[in-house]
**Student:** 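Have a look at this one before I ask anything.
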Amino acid sequence: MSHAHKSAKGAAGGEKGRGASKGKRGAGAGAKKPEDDREESLQAVVLADFEGHFSPFSQEKPKCLLPLANTPLLEYTLEFLAMSGVADIYIYCGAHSAEIEKYIQASKWYPPLSPASPFKSLELVKSTARSVGDALRDLDARDLITRDFLLVHGDLVSNLPIDAALAAHRARRIADKNAIMTMILRTAGLGQHRTKSGGVTPVFVCDPTKNRCLHYEEMHALQANKYLNIDPDLLSDHAEMEIRTDLIDCGIDICTPDVLALWAESFDYEVPRRHFLHGVLKDYELNGKTIHTEIVEEHYAARAFNLQSYEAISKDVLGRWTYPLVPDSNLISGQSYKFERGGLCKENGVMLARTCKAGKRTVLGRDTSIGDGSTLTNSIVGRRCIIGKNVTIRDAYIWDDVVIGDGTTVHRAIIAHEAVIGSQCKINPATLISYGVRISDNTEVKEKSRITRAKRIEDDVEEVVPSDPEIVGEGGKGYLFHEDDEDEDESNESFIYSTAHLNISSESISTITSSISIGSPTTSRSRLSSFAGSISDDGEAGSSNENFHHDAVSGLLDTLKENGDFDSAKLEFMGLRLSNDATDHQIRRAIAVAFTKRIAQLVEQEKLEPSKAAASAFGTSGAENFLKTVAVGAGKEEDQIDFIHCLQKDLVHRNQGAMILAAVCQRLYQMDVLEEDAFLRWWEECEMLAEGEAEEMARVRTKTKVFIDWLREAESESGSEEDDESEDESD
Amino acid sequence: MSTVGDVVPRDGKSKPFDIVETYQRLLAEDPELTMPVAAIEALIELLVHSRAVTVFETLDLVKTQSEYLKSRVTNSISLSAGTDLFQRYMISSLKPTSTGNFETVRQHLLSNGRLFVSRAKAARERIANYGRHFVRDASVVLTHGGSRVVGALLSKAAEASASGGNVRFRVIYVLNGDRVSESKRAVSDLRARGVPVATIPEGAVGYAMGKVDLVIVGAEGVVENGGIISRLGTYQLALLAKAAGKPFYVAAESHKFVRLYPLGQYDLGIDQEVIEFRTEDEPGSTEPVDFTDITPKSAEAPEYFSSSPTKPNTAVDAVDYTPPALVSALITESGVLTPSAVSEELISMWY
Amino acid sequence: MASPSSATVEPAGPNPSTKPTQPESAAPRLSGAELKKQKQAEKAARRAQTIQEKQAGVPPAAQKVKSDTTTGAKTQQKRPSSAAAPRDLPVRSQRPAAAATPEAPKKEDKTVELFRHLYKPRVTSIAGAGKDVHPAVLALGLQMSSYTICGSCARLVATLQAFKKVIESYATPPGNTLTRHLTSHVLSPQIEYLAACRPLSISMGNAIRWLKLEISKVDIDVPDAEAKKGLCDAIDVFIRERVTFADQVIASSAVEKIKDGDVILTYAKSSVIQRTLMTAHQEGRKFRVIVVDSRPLHEGKHLAAALVGIGIEVKYCLINGLSHNIQDATKVLLGAHAMMSNGRLFSRIGTALVAMEANEADKPVLVLCETIKFTERVALDSIVHNEIAPADELVIPGGPLEKWGDVKKLQLCNLMYDVTPAEYIQMIVTESGNVPPTSVPVLHRLGNESQG
Amino acid sequence: MPSVQAGYAPNLGVFLKALKTQQLEASIEHLISLLKRRQIRNSRPCAIATAHLLLRVVARFKWTDIGKLLQRIQEVGQRLVEAQPKEMVVGNIVRRVLGMIRDEAKEDRSEDMSDTASITQIDSPQRETSDPAPLRTIGVSTATASPLRFGASNAPGSTDTDSDDGSARTPQGGHRPPLMTSHTSYAVLNGLPVQQSMFNLLSATPSPLSTPPQQIDSPQAGSGINAASVAQRVAASSKDLKAEVISGIEEIIDELDQVDDQMAGYAQEHIHSNEVILTHSSSTSVQKFLLKAAEKRKFTVIVAESYPNDHQATHAAVTGSVAPDLGSSEDTSLEMFLKPLTAAGITVVLTTDAAIFAIMSRVNKVILATHAVIANGGLIAAAGARIIAKAAKVHKIPVIVVSGVYKLSPEYPFEFESLIEYGDPGRIVKYHDGNLVDNLEIDNPLYDYVPPDLVDLYITNLGAHAPSYLYRIVADHYKPEDINFHKPELQF
């Protein structure tokens, strides 16, 4: 083995030497696959903290260290890797990298310090990467990976024996070095399934004969049409084709170094699926790389990437679906769980009062004590918790050192370390109570409230927020957590409504962020997740919410795509708006984005001139009416201006944005959706900003100048009151 | 009786040494004392008083005295365990082949009287420590009688242990109408330790058995085939437990192992007046059997020798025999034994 | 949207829409039959009669069918395998095309010697169906052999319904009386065909006997139309009384036995039990259910699904978890295929084990059973009478068993029923009251009298 | 022994391979995590792994004195047992090794004592009191018999006598030791020699307080004594002592290999022509047993498949094909090398567990394999075994259990539930059935506890025994002081 390791290192060295041309390198790696396969040890890359939303918890702690069934998420992932016989591991940390490092080094996994580690090497890579894309590109740059490797996320829970998949992958590799990647997917049936990501359905188009993935798309609940557009020649090329929507994407990919190469080549890819997978499959003609699927029907594999899946997986663990990764196999040394008849799983030294009922599917950590008359069902309680008398706890996940007073009821909540809940309290569903929060007696905590004590981070300055007696009661500690990352909202909702559009929305956000971040210098967004929602750019705090935007846009886009009529779209749209009580601004933004996107597409794909594109886009039946009524409602000037702003902002990062903007403005003016005053004032404002304005924004509107001038001529004079509303919005 | 002759008056007491009297005194002094141990103590005192010099004298003395003691006590089964053990010990340790000579052995016995007692009690502790593990969380234990071992065991189980946290169990205690005070004590002891106790009459055992998880009883003697001799009523508990498929455990110190092989209830080597046929015209009694006159006496007096030696056992302190087939396991200070293991013990010990 | 596109074929069990093109042709054939002599008719009638009496007897039709089955089986292969898509259908249909069927001619006899007397060719296609078989019956036959209609009662009802259709489409050939002609020339072929698809359940036997009786009782002078109507009504009444209504009664009286806090353990799936539990739940009784199940049918899974559907707390385990769960149970409810006159219960294979464990843990065992399922037959063990299902139903696709046919001296035994000793059964809940096993014969006699 | 399987997932083969190269602590942890992750499951693989590991432990052990060695083994053993308490063989093997070391120590010492004769077989009552034993223990110096020493000596006497019977137990000892030996004193499931304790009441100890002499249960004490007495000689004899210990462990390993064949040796006594044998699940032991019988006789075997946990192994066994899920269980990979029963001309009927009752009335014998055997005569076997045994009982069919002695555990399980492992519900309900997964509570026990009264006969590599006699075999194989080595709270 050791020699094998050396050889690997040697190879790595060689790579460095060769450096540069990635295609060749990948090929090289592919070429030298067959021979020393058996000898080679397995490499894996763990993406610790790039996706997912666990606020307020993830504010203070790295997500992958949050306990699931009293065991940190990362442990499950590492167990899985150990189970699969991985030898060398690289852990990529996004946020909180220091803490993760501390944890790892203290754990049994860290080879230098613990002889017990099953891994030959374990490296923590701290990088500034904000997205999977960045991380992988960075990884590629470092030349660490020299052969096939496993790519997993730090929140993976799986008991899947991976050998079969590896073998299949290798076989394909040997046959054809272009088979660069194998994704492992778990069937989850067509019906409802708690562990399937609620809102977004990944759609895999596969060729069952070759286990090859041909096309990938994501569908979401509120999408107007349920159509995919599949490249027709796929149909001609492949005799058999399966379109699967019944799959859990557990994010286990078996990759070859070429994958990294591909990432590196396409710098704008941010997320593994919606960008990378989709993209690579799309231009199969160009790169000729094939990606394959290994669809498993046995065993367990899922990711706890948001609170919804956290809950689902917790349930799965309680239901032993993850066996042997269950509490009573005491994965972490020092644990001493015993599984008792009836599904109660408790550690040594638990003190149960005589009359308390610790019901089925319940886990109790060491030295936790439960008072008389209390009942627990389907819950997980950490260590050293003190639970008073006549407490009722249902479907709740309580971490270590929590104190719960007498007569309190907790239903479907997460209570983090060292929180203190007074007596006679009522914790309503979907409540998240963060570290050290103190709820004083007789307080009722509203549904979906998220309470924290963490310092709030405003533009990089940490400010301590005073406790809010409204929420935590007199003498309580903690305040209602709301932050600028809208996606938290929905992760919260997802916890209760189990409709997680997170997977995708987060991704979509990340793309926008990345592109925006070039433009708007003001985005000082959280270092903790790379997805500072794009809405952040128009500082709409709180209520506005990302998945609304996402669904709205996609919904409209679809209507535009197949020229469906807008009246139905409008209904849906309004429904959507109500359900997420989105603000007018968001609506405008959504609409703007939708149209610009569409137009941009037309321009790029159908190679129309912007003007034609705009014409066709706005020409869609009912579009005009729709815009008038919905987009710029009462025809208030501010609204119109805002709308233009939105258009402008969105076009910033589209090719020919400038042209399009011009075309759009013209169009909208002709359709008199927008009146000239609006245009003029918008222009002026922009002018006002002068150098304050980001040059992208400036660039985008250059082409529109013509139109404006034309207007000016038509108009004699122009009003010039200022109001910085829109200004505010732009940061 | 020659033995009396051999005994010199001691510590001023001019009264000659009477083994029976000693035995009963010992029991009276220390309620914690079990009969076998008491018997051994008594025999040791005997040694103290005797001035037998040769091995065989001594052995003979011990033998005759034990016989005498047995004869004078009703239901000598339990105590005979003690006397037998004692003799056996003497014999084996006084074997010419063995290195320990008479004096050593005698000295050892004389000097360590109290030690034995404390050991006997220690044994009880150990049993409790093993036995507690039989009592699982949320289980229901059925027991009866005033066995100190069982008492110790249950109260031990009630304490929380370092590992495994606390055990929450409940007890169904079968009241014995004739031993109210004893039952009361046992029950209140448990309740004092926070163990919920239900008391049922003996008639309700069959009814209650369905709710029971395990049965634990004490024993007066453990016989050679692994069966036990114990308080009247134990046998029927065992039968019912068997019928309902519930485990039936016996907690007994190993010094209660008796060299006795009863073939059945009526082969215990003692006569018990449990079944008494009467008719109206018989003088003195109106009901077939009348315990009422005995009950109060047995109530305050220490249990086993309430009735005068000459009088045979009445139902009050009568015993019955539970065959090994009904015993799931015996909990002794040396561990948990299957009945077959017990019998092997005795076999190998006596032959 | 988008299940594996290969699975677009309609699910297992042909529904009436997929009827072959025989329907209309049926009638003319019948008229053709009018030329036959009375004597033959009577003979045929008697023969059919006797067949029904000992319902195990191989119907002559079966032989004729047999020759075709191999070809039939092959033509069938596509359909069942395609039906694999709805996974929770009974696995019967997921037959790997590779595996050989016992019927198929082989050098080696793959039948289990103990049960050799029970093996019967099973028709899985309409290919071999006799020409006089009514389409409705054809469809039914297939549904039975594919277990889409499985339960003893379900089959009974379905059969009677089908026969109603038969009778409706029946026209007495001139010079012939319905009474004498219908049974022998029309009904018997149907019955034979059904029996060939899957051995008739005892309740079916009873019902058919009753039907024949009814027919024979029809007055010769009554005009056909009237007679037919009479018969159909009679059938409806019969179904209503002996099944529908019976079930209601049983359910309602069984519900009485379910108390708050009960833990009801049941095995496989019985429609009556499902009904009972559901009503009990609707009546607000607080109880848990433990459903025990077994390979290969996994019927219990459907029951469990139905129960959790309405929010009953259900625990599900296979027969191997039985001894762990029996302790928690407070009552055991069992369905029946038939009640033997010696008080033994003839029911889905595995029932006896459940009853045995329950008996040991002394939990009361209740059997829910309509009197129509009572039979005068007796059984001491599960071997004399039983039904053997095709061995390949035990094969797990992709599993090592797929090639079992090639392994010499290896046999697969797939029994359908077993016999539960009477002493394990505390009570039998029937529409005519709750009785101990010992009084089964009594009830049976009463039942028949009421029938006659 | 299973080969290293293709692919990376570690298993027994991988472990054994790594054992050679890895450093000790690593391999201990390695085994622990494999046990925890159930990548080494089932009695035999666990036993093999444990034995090999202990071999390493001894080999790598910096020799100071036996006491330390014992402690070391106990400490390692405890960790292994805690890793997966339900694999009882792990504990068994550790105990075997401990006992073996104690014996070696004893012999080592007694050589100097030069009265080896008295060590081996003396009949009990005499040995209780006649004091070569205590003297040996204390060392010659204290040979004079004063009352106190008399008592004192009796205590170590116990450890002493313990050790003796060990020598009677040779790993492949085809014969069992005669009844009338000191072994009786181990006729316990827990704790100490009874006879000892009976006399201990009357013997004296230095510490007259609540604890009887058998304090030396506790590892420290126990080893302490050995340590004391061995100390001076260790220097000289440690080398060969170590060698002996190692060879001792190797013997145990050999035993593990041979056990099946030894048991098969008894097959023909128990199976006769034209019998119908019912067996459950798949087990190498049982299969070899039947194959052996098949050499002479023709009979029919009915196999219950034990769905859903072992059915694949069972199917593979009957068809003689390779079980698809290699990763999951090493036993299957063993199975591959065995020819199927059918190949030996036996008619094999495979059926579902549900059909057992129906078929039982035609069965002549039931033969069960075990996961572990408990000293009260009960056993832990694949789930479903209990109903089979029960059904057999109902039909008055004899139940024979085939089990290697190494599966015999001296632990007395206070609650049998605690020995049952619950497996992956996914084997019962497919995980993609979202509705059921969400609402249904699914129970998949891997094992059953079969109470002794349902078993008629045990066949071990030592012969055939009645369930009631098992405690004896246990006594012959384990030292009382080792029985609870992993549970301090149970040691007094």
Side-chain angles (χ1 to χ4, degrees), chain C residues 87-88 112-114 290-291 293-296 301 304-305 308-309 311 313-325 348-353 355-357 360 380-383 386 394-396 398-404 406-415 417-421, chain D residues 276 300 302 305-309 311-312 315-324 340-343 345-359 361-362 382-387 390-391 394 417 420 425 428-430 432-433 435-436 438-445 448-449:
Chain C
R87 287 184 184 72
D88 46 1
V112 179
E113 189 230 2
L114 259 181
I290 300 176
V291 178
D293 203 356
S294 76
R295 275 234 307 151
K301 199 179 286 181
V308 290
E313 186 186 340
V314 182
K315 186 172 194 179
Y316 178 81
C317 74
L318 295 182
I319 193 99
N320 68 340
L322 175 59
S323 39
H324 293 266
N325 289 293
R348 175 70 62 239
I349 187 90
T351 310
L353 288 168
M356 176 188 77
E357 283 293 276
E360 194 202 6
L380 292 173
D381 60 22
S382 321
I383 292 172
N386 208 325
L394 290 183
V395 175
I396 299 164
L401 272 190
E402 274 189 329
K403 294 270 173 298
W404 76 278
D406 314 346
V407 182
K408 287 267 165 303
K409 292 179 99 35
L410 173 61
Q411 303 165 353
L412 266 56
C413 171
N414 185 10
L415 281 175
Y417 301 105
D418 64 10
V419 171
T420 307
Chain D
V276 180
T300 307
I302 301 176
E305 63 184 358
S306 89
Y307 190 81
N309 292 311
H311 62 284
Q312 275 172 316
H315 294 170
V318 294
T319 53
S321 55
V322 181
L341 292 171
T342 48
I346 303 176
T347 313
V348 176
V349 180
L350 181 80
T351 185
T352 59
D353 296 15
I356 287 159
F357 196 95
I359 289 183
S361 55
R362 294 293 188 277
R386 193 186 177 292
I387 46 175
K390 179 66 183 168
V394 169
E417 258 312 317
I420 305 303
I428 294 182
V429 171
K430 287 280 157 269
H432 49 56
D433 192 336
N435 174 32
L436 292 185
D438 216 7
N439 305 317
L440 205 53
E441 182 185 355
I442 299 155
D443 194 11
N444 178 16
D448 261 355
Y449 166 68

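Letters A, B, ... are given to chains in the order of the sequence lines, protein chains preceding strands, and every chain is numbered from 1.
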**Student:** If you count heavy-atom pairs under 4.5 Å between each of D/Ile428, D/Thr352, D/Val276 and chain C, which one has the most?
**Tutor:** D/Ile428
**Student:** Distance from D/His311 atom NE2 to D/Leu350 atom CG, nearest 0.5 Å?
**Tutor:** 11.0 Å
**Student:** Checking C/Ile383 against chain D: side chain, backbone, both or neither under 4.5 Å from a heavy atom?
**Tutor:**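 Just its side chain gets close to chain D.
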**Student:** So what's closer than 4.5 Å to chain D heavy atoms on C/Val314: side chain, backbone, both or neither?
**Tutor:**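 The answer is both parts of C/Val314.
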**Student:** Using non-hydrogen atoms only, which part of D/Leu436 is less than 4.5 Å away from chain C: side chain, backbone, both, or neither?
**Tutor:**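 For D/Leu436, side-chain heavy atoms alone lie under 4.5 Å from chain C.
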**Student:** Can you find a pair of side-chain heavy atoms, one from D/Asp353 and one from C/Ser294, that are under 4.5 Å apart?
**Tutor:**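 Not in contact.
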**Student:** Please tell me if the side chains of C/Asp293 and C/Tyr316 come closer than 4.5 Å, counting only heavy atoms from C-beta onward.
**Tutor:** yes
**Student:** Which bit of C/Leu410 comes within less than 4.5 Å of chain D, counting heavy atoms only: side chain, backbone, both or neither?
**Tutor:** both
**Student:** Quick check on the interface: out of C/Ala304, C/Gly311, C/Ala352, who has the most heavy-atom pairs with chain D under 4.5 Å?
**Tutor:**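 The answer is C/Ala352.
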**Student:** Is there a donor-acceptor pair under 3.5 Å between the side chain of D/Thr351 and the backbone N or O of C/Cys413?
**Tutor:**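 Such a contact is found between D/Thr351 side chain and C/Cys413 backbone.
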**Student:** Can you tell me which portion of D/Val394 sits under 4.5 Å from chain C's heavy atoms? Options are side chain, backbone, both or neither.
**Tutor:**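 Contact with chain C involves the side chain of D/Val394 alone.
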**Student:** Measure from the side-chain N and O atoms of D/Asp433 to the backbone N and O of D/Val429, and report whether any donor-acceptor pair falls under 3.5 Å.
**Tutor:** no
**Student:** Let me know if C/Lys315 has heavy atoms under 4.5 Å from chain D in its side chain, its backbone, both or neither.
**Tutor:** both
**Student:** Check for a donor-acceptor pair, side chain of C/Glu357 on one end and backbone N or O of C/Leu353 on the other, with a separation under 3.5 Å.
**Tutor:**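 Answer holds: no.
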**Student:** Taking all atoms of both residues into account, what is the closest heavy-atom pair of C/Met356 and D/Phe357, and its distance?
**Tutor:** SD-CE1, 3.9 Å
**Student:** Examine whether an atom of D/Thr347 lies under 4.5 Å from a heavy atom of chain C, and if so say whether it belongs to the side chain, the backbone or both; otherwise answer neither.
**Tutor:**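 Both parts, backbone and side chain.
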**Student:** In terms of heavy-atom pairs under 4.5 Å, which option from D/Ile387, D/Val318, D/Ile442 contacts chain C the most?
**Tutor:**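 Greatest number of close heavy-atom pairs with chain C: D/Ile387.
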**Student:** Look at C/Val407, C/Leu415, C/Leu401, C/Thr420 and state which one has the largest set of heavy-atom pairs under 4.5 Å with chain D.
**Tutor:** C/Leu401
**Student:** What part of C/Asn325 gets closer than 4.5 Å to chain D, counting heavy atoms only: side chain, backbone, both or neither?
**Tutor:** side chain
**Student:** Can you tell me which portion of C/Leu322 sits under 4.5 Å from chain D's heavy atoms? Options are side chain, backbone, both or neither.
**Tutor:** side chain
**Student:** Looking only at heavy atoms, which two atoms of C/Arg348 and C/Asp418 are closest? And how far apart?
**Tutor:** O-OD1, 3.5 Å
**Student:** Would you mind checking which part of D/Leu341 comes under 4.5 Å of any heavy atom in chain C, side chain (CB onward), backbone (N, CA, C, O), both or neither?
**Tutor:** neither
**Student:** Under a 4.5 Å heavy-atom cut-off, does chain D meet the side chain of C/Ile349, its backbone, both or neither?
**Tutor:** both
**Student:** Distance check, rounded to the nearest 0.5 Å: D/Glu305 atom CD versus C/Ile396 atom CD1?
**Tutor:**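 Going from CD on D/Glu305 over to CD1 on C/Ile396, the span is 6.5 Å.
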**Student:** When only pairs under 4.5 Å are counted, which of D/Asn435, D/Ile346, D/Asn444, D/Ile356 shares the most heavy-atom pairs with chain C?
**Tutor:**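 Most heavy-atom pairs within the cutoff with chain C belong to D/Ile346.
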**Student:** Hey, does D/Asp448 have a side-chain heavy atom less than 4.5 Å from the side chain of C/His324?
**Tutor:** yes
